[in-house]
Structure formats: C-alpha cells, structure tokens
2 protein chains.
Amino acid sequence: MAESSRITARDGVRADARRNRERVLVAARAVFAEHGIDAPMATVARRAGVGVATLYRHFPTRDALVRGAFAQQMETCARALTEALAAVDPWQGFQQLVETVCALQREERGFPAAFVAAFPETASEHARSRQRAERDFTTLVRRAQASGALRADFHPSDLAVVLLAHCGLATALPDDGAASRRLVAYLLQSFRTDPANKPLPPPAALTLRSLPIATASPQGQRPSRA
Amino acid sequence: MAESSRITARDGVRADARRNRERVLVAARAVFAEHGIDAPMATVARRAGVGVATLYRHFPTRDALVRGAFAQQMETCARALTEALAAVDPWQGFQQLVETVCALQREERGFPAAFVAAFPETASEHARSRQRAERDFTTLVRRAQASGALRADFHPSDLAVVLLAHCGLATALPDDGAASRRLVAYLLQSFRTDPANKPLPPPAALTLRSLPIATASPQGQRPSRA
DNA sequence: GTCCAAGCGGACGATTGCGTCCACTTAAGA
DNA sequence: TCTTAAGTGGACGCAATCGTCCGCTTGGAC
C-alpha cells in the first residue's frame with residue numbers, strides 16, 4: 001500500500017497545503033469567536049491570508065470548517081468524560097465534567113454554538129463517538145446516584161438541558177464568565193441529593209444524540225429561510 | 001385641540017390602515033415563531049397579504065415590528081411582576097414570576113429572542129419601564145429573602161442569568177416544553193434557602209437593564225458582519 | 001534544472017434580503 | 001357624488017454572501 005512514486009510529501013499532502021489548512025483553522029477560531037459561526041467564509045479566508053477557493057477546498061462546507069475549528073475542544077470534552085468516569089468519587093467526576101464543558105463553552109467563544117449546532121447525524125464517525133459519550137455519561141450518572149450524592153431523579157437528558165441553557169447564556173453574554181459560573185453553581189447545587197427536594201417535572205424526552213442535530217439548521221443554530 | 005376637519009376617522013387612522021396593521025402583527029408573530037425573528041420582512045408581508053411598503057410604513061425597522069409583535073407578551077411580564085409584588089407570600093410571588101415569564105418564553109416561539117434582543121436603550125419609554133421593573137424586582141427579592149425562603153446570596157442580576165439561559169434552551173428546543181419546565185424547576189429549587197448550600201461564585205456584574213441591550217445586535221441577537 | 005500535478009487566488013454569476021420610490025386605489029368628509 | 005390625502009403594492013436599485021470556475025504558481029520528485 002506504499003504511496004506511489006511521484007506524489008508529494010510525508011502524508012501525501014503538500015507542505016504549503018498543510019500550512020494553509022492550519023492557518024485557516026486558526027483564523028476560523030478567531031473569526032468565529034468575534035462574529036459567531038455565521039461569519040462570512042470570505043472573512044475567514046481573508047484573515048487567514050488565503051483565497052476563498054483554498055478555504056473551500058479544505059473545508060467544502062461551513063459545517064466542516066466549524067467542526068475542524070473546534071475539534072480540539074470536542075476532544076477535550078471527550079477526555080473530560082473519560083476522566084470523570086475514572087474519578088474515585090463519581091459525584092466529583094460528574095461535577096468536574098459539567099464544569100469543564102461549561103468552562104470550554106465560555107472560554108472559546110463560538111464554541112457553544114458549534115457544540116450545539118454540531119454534526120449532521122450522517123457523520124457516522126461522530127454519531128458513533130456521540131453514542132459512546134452518551135452511554136458513558138449514563139454510567140457516570142448511575143454511579144453518582146448510587147453513591148448517594150446525585151439526586152435520584154436526575155436524568156441523563158438533563159445534561160442536554162444544562163448545556164443548551166448554558167450555551168444560550170454564554171452566547172448572549174460573552175463577558176468575563178461570571179454569569180456562566182453562577183448558573184453552573186446554581187445547577188450543580190440543585191443536582192445534589194437533598195431530602196428537601198420536591199419532585200421534578202418529567203425529564204425532557206430527548207437523548208443527547210437527538211437534539212442538537214434535529215434542531216440546528218445546517219449552519220449556525222438559528223432557523224431562517226422562508 | 002379637536003382634530004381638524006377633513007381628516008380621517010376615530011383615532012386619526014383610516015380603517016384599512018388599522019386593519020392592515022393588525023394583520024401584519026398577526027403574521028409577524030406566526031412567521032417569527034416559525035422562522036425566528038430574523039425571518040425576511042417580505043415573508044411577513046406576504047403572510048399578512050400586504051405589500052412590503054405597507055409593512056415598512058407601519059414598522060420602519062425590524063426592531064419596531066418585533067417590539068410590536070410581542071408587546072402583549074411584554075405586558076404580561078410586567079403584569080406578572082406587579083402580581084408578584086402583591087402576593088402575600090413573597091416567595092410564592094417570586095416563583096410565580098419566574099414561571100410565568102419562562103412559560104411565555106416557551107409558548108410564544110420567537111418571543112425569547114425578542115425578549116432578549118429587546119429594545120435599543122434609546123427608546124426612553126421602554127428604558128423607563130425597564131428601570132421600574134428592575135426596581136420592583138429588587139424589592140421582591142429583598143422581601144422574599146426577608147421571609148427566609150429565598151437564599152440570601154441570590155442577586156437580582158441572577159434573574160437575567162435565568163432568563164438568558166432559559167431563552168437559549170427554549171430557542172434551541174422548541175418542543176413541548178419539558179426541558180424548559182425541568183430547567184425552571186431545577187433553578188427554583190436551588191434558589192430556595194437551604195442550610196446545606198455552599199457559597200456561590202460572585203454575581204454577574206450586570207443589571208437587568210444593561211445586558212440584553214448592550215449584547216444584542218440591532219436585529220436578532222446574533223452578532224455578524226465582518 | 002526541469003516538469004507537472006497539486007495547490008492557489010480572485011473574479012464572477014447567482015441568490016437572497018433590504019428599503020425606497022412612485023403610480024394607483026380608496027376611505028371618508030363635504 | 002366628488003375630492004383628496006392617506007394608504008397601498010410591487011418593481012427596482014443596492015449590498016452581501018455564496019460557491020465555482022479557471023488560469024497562474026509552486027513544491028518536490030527525478
């Protein structure tokens with residue numbers, strides 16, 4: 001299977017192409033942070049110092065670009081989940097997880113929207129990793145409940161509720177993060193077991209997998225078009 | 001000061017104009033609900049069965065239209081606050097208020113965005129009513145805290161946190177409202193006084209007045225433009 | 001050094017939304 | 001009925017963004 005002769009360098013990609021790809025990603029993060037993930041593609045290209053065509057060659061759709069730009073953050077999320085599962089105290093793990101993801105959402109502007117708008121369900125690779133994430137999270141929840149720290153009526157879908165709500169907040173208020181921290185603290189507090197807790201309304205009938213996909217328009221999260 | 005002779009009917013507005021205005025408002029609510037408050041003006045006009053010019057005459061800017069479309073909901077919010085202040089049990093009032101506003105946000109799609117994007121600070125009339133709302137709410141909070149039901153470290157600005165977060169959720173998930181109810185229940189729970197409560201991070205340094213305005217772009221809530 | 005496919009950039013046509021202008025219609029007072 | 005200003009509708013000019021096409025440039029194998 002060795003690469004046939006004449007063709008290119010190391011990984012079969014020309015050096016300048018690889019360089020440009022990286023430049024585009026950096027620019028995309030910056031621009032998305034500044035103007036939201038709906039910012040014109042041309043702006044990203046200009047910022048990266050490349051032509052539009054180059055941008056489109058590397059990332060044929062806005063979605064691909066968004067995904068590429070925030071792949072690292074996504075991985076951090078995945079890692080946080082793994083670590084949470086590995087934590088000795090499952091409640092600690094749970095808390096860590098929520099805080100980490102929310103911190104990411106608040107630090108990397110544009111990421112919240114990207115996170116929610118996320119991947120079309122067709123992207124099988126991502127669908128798979130999402131499924132796994134969901135399963136892992138459910139495990140974490142069950143353990144934390146077994147330990148007595150997480151309220152028994154917490155439902156895994158509540159994570160989606162938290163993330164969407166926090167995303168809305170972070171998007172609306174790209175400030176120093178005080179509001180975000182405040183919200184997270186309130187929520188974590190109400191997730192703890194407490195004899196005084198009154199029963200909750202029924203959980204939302206959604207899986208982590210189902211919602212961002214179905215809801216979000218292909219690019220960005222706001223519906224439009226007549 | 002009687003209206004001078006020849007001119008028009010009752011309130012100085014021709015009957016057909018008044019009729020059209022109403023039709024536009026109805027259409028706007030429908031379209032905004034369906035496509036978000038960024039929906040093309042022309043779509044609203046078509047839905048209302050009027051020409052664009054007519055729409056623009058009645059509502060020169062998209063903002064004016066949004067404001068007009070949701071004026072009723074805004075008033076309901078204001079009334080809820082008044083009622084909350086009048087309630088015997090201030091905690092009950094507080095709870096009612098949060099639940100009413102959130103219910104509005106979830107029922108009238110498009111309203112959350114309108115609520116947050118709200119008015120440019122120049123609209124003095126609205127600025128004034130907003131100021132009053134803020135003052136009243138602060139009073140309510142103080143009373144509820146004095147009664148011992150609302151945690152002492154609840155800060156009036158936390159209302160903004162709640163509303164923005166809930167707005168994000170409601171916008172992302174225009175479903176049956178299960179998620180919304182769930183979020184509200186969690187939050188209200190964590191607002192109650194509880195000896196086990198751990199200290200919160202400091203409140204966000206924002207007033208009810210400052211945030212939606214400063215943050216929101218003139219139309220819609222998402223920044224853009226390069 | 002030579003060669004050429006991979007890579008590049010920008011011009012371009014298409015599409016969509018905005019807001020105005022202007023000629024036609026109509027409500028309603030006399 | 002007649003008059004006229006208020007009201008109306010849609011065509012139009014303008015601007016922004018999209019994504020493609022095509023001729024030029026260049027990395028890197030030989």
Side-chain angles (χ1 to χ4, degrees), chain A residues 2-25 27-28 31-32 34-66 217-220 222-226, chain B residues 2-25 27-28 31-32 34-66 217-220 222-226:
Chain A
E3 203 60 46
S4 75
S5 59
R6 192 170 237 313
I7 311 277
T8 63
R10 272 230 298 287
D11 49 350
V13 176
R14 251 166 63 167
D16 56 342
R18 202 169 337 118
R19 202 184 322 124
N20 274 339
R21 190 192 146 90
E22 211 44 52
R23 288 215 273 166
V24 165
L25 284 178
V31 170
F32 287 161
E34 218 168 302
H35 306 287
I37 58 173
D38 287 340
M41 299 290 262
T43 306
V44 175
R46 205 172 333 118
R47 176 84 155 239
V50 306
V52 254
T54 302
L55 194 164
Y56 277 107
R57 189 163 328 98
H58 287 297
F59 305 97
T61 67
R62 161 177 257 105
D63 221 68
L65 179 58
V66 169
S217 70
Q219 50 198 44
R222 166 182 302 267
S224 57
R225 200 59 10 104
Chain B
E3 202 59 48
S4 76
S5 58
R6 193 171 235 309
I7 312 276
T8 62
R10 274 229 299 288
D11 49 350
V13 177
R14 253 168 60 168
D16 56 343
R18 203 170 336 119
R19 201 184 323 124
N20 274 338
R21 192 192 144 89
E22 212 44 52
R23 288 216 273 165
V24 165
L25 284 178
V31 170
F32 288 161
E34 217 168 301
H35 305 287
I37 58 174
D38 287 341
M41 300 291 261
T43 306
V44 175
R46 205 173 329 122
R47 176 84 154 238
V50 305
V52 254
T54 302
L55 193 164
Y56 277 107
R57 189 164 328 97
H58 288 295
F59 305 98
T61 65
R62 159 176 259 106
D63 222 68
L65 179 57
V66 169
S217 72
Q219 50 199 41
R222 167 182 299 267
S224 56
R225 200 54 13 100

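It should be emphasised that the depicted structure is a prediction, and the values quoted were computed from it without experimental measurement.
Atoms CZ and CZ, on B/R14 and B/R19 in that order, are 9.5 Å from each other to the nearest 0.5 Å. With rounding to the nearest 0.5 Å, the separation of CG in B/D16 from CZ in B/R21 is 14.0 Å.
Residues B/V44 and B/F32 share a closest heavy-atom pair of CG2-CE2, 4.4 Å. Residues B/A28 and B/L65 share a closest heavy-atom pair of CB-CD1, 3.8 Å. Residue A/A27 comes nearest to A/R47 through the heavy atom pair CB-CG, 3.6 Å, listed as atom of the first residue, atom of the second, then distance. Contact record, B/L55 with B/V50: N-CG2, 4.5 Å, taken as the closest heavy-atom pair.
Between A/R18 atom CZ and D/dT26 atom C1' there is a gap of 15 Å when expressed in whole angstrom units. Rounding to whole angstrom units, CZ of residue B/R46 and P of D/dA11 are separated by 13 Å. When rounded to the nearest whole Å, the span between NE2 of A/H35 and P of D/dT17 equals 10 Å. Residue B/M41 contributes atom CE, which lies 18 Å from atom C1' of D/dC12 at whole-angstrom precision. Counting to the nearest Å, the P atom of C/dG17 and the CG atom of A/D38 are 14 Å from each other. Between the C1' atom of D/dG19 and the CG atom of A/D63 lies a distance of 16 Å, rounded to the nearest Å. Protein atom CG of B/L55 is 13 Å distant from nucleotide atom C1' of C/dG17, rounded to whole Å. Regarding A/R19, its CZ atom lies at a distance of 14 Å from the C1' atom of C/dA6, rounded to whole Å.
The shortest distance between the side-chain N/O atoms of A/T54 and the OP1/OP2 oxygens of C/dG7 is not below 4.0 Å. Neither OP1 nor OP2 of C/dG7 sits under 4.0 Å from any side-chain N or O of A/N20. Phosphate contact (OP1/OP2 of C/dG7, side-chain N/O of A/H58, threshold under 4.0 Å): absent.
If you check D/dG27, D/dT17, D/dA11 against the side chain of B/V52, the one that comes closest is D/dA11.
Backbone-only contact: A/V50 has heavy atoms under 4.0 Å from sugar-phosphate atoms and none from a base.
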Dump the pairs, protein N or O against N or O of nucleotides 22-26 of chain C, anything under 3.5 Å, distances to one decimal.
unit_1, atom_1, unit_2, atom_2, d
C/dT26, O2, B/R14, NH1, 3.3

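Applying the side chain to side chain contact (heavy atoms under 4.5 Å, CB included) criterion to B/A64, with sequence neighbours excluded, gives B/F59, B/P60, B/T61.
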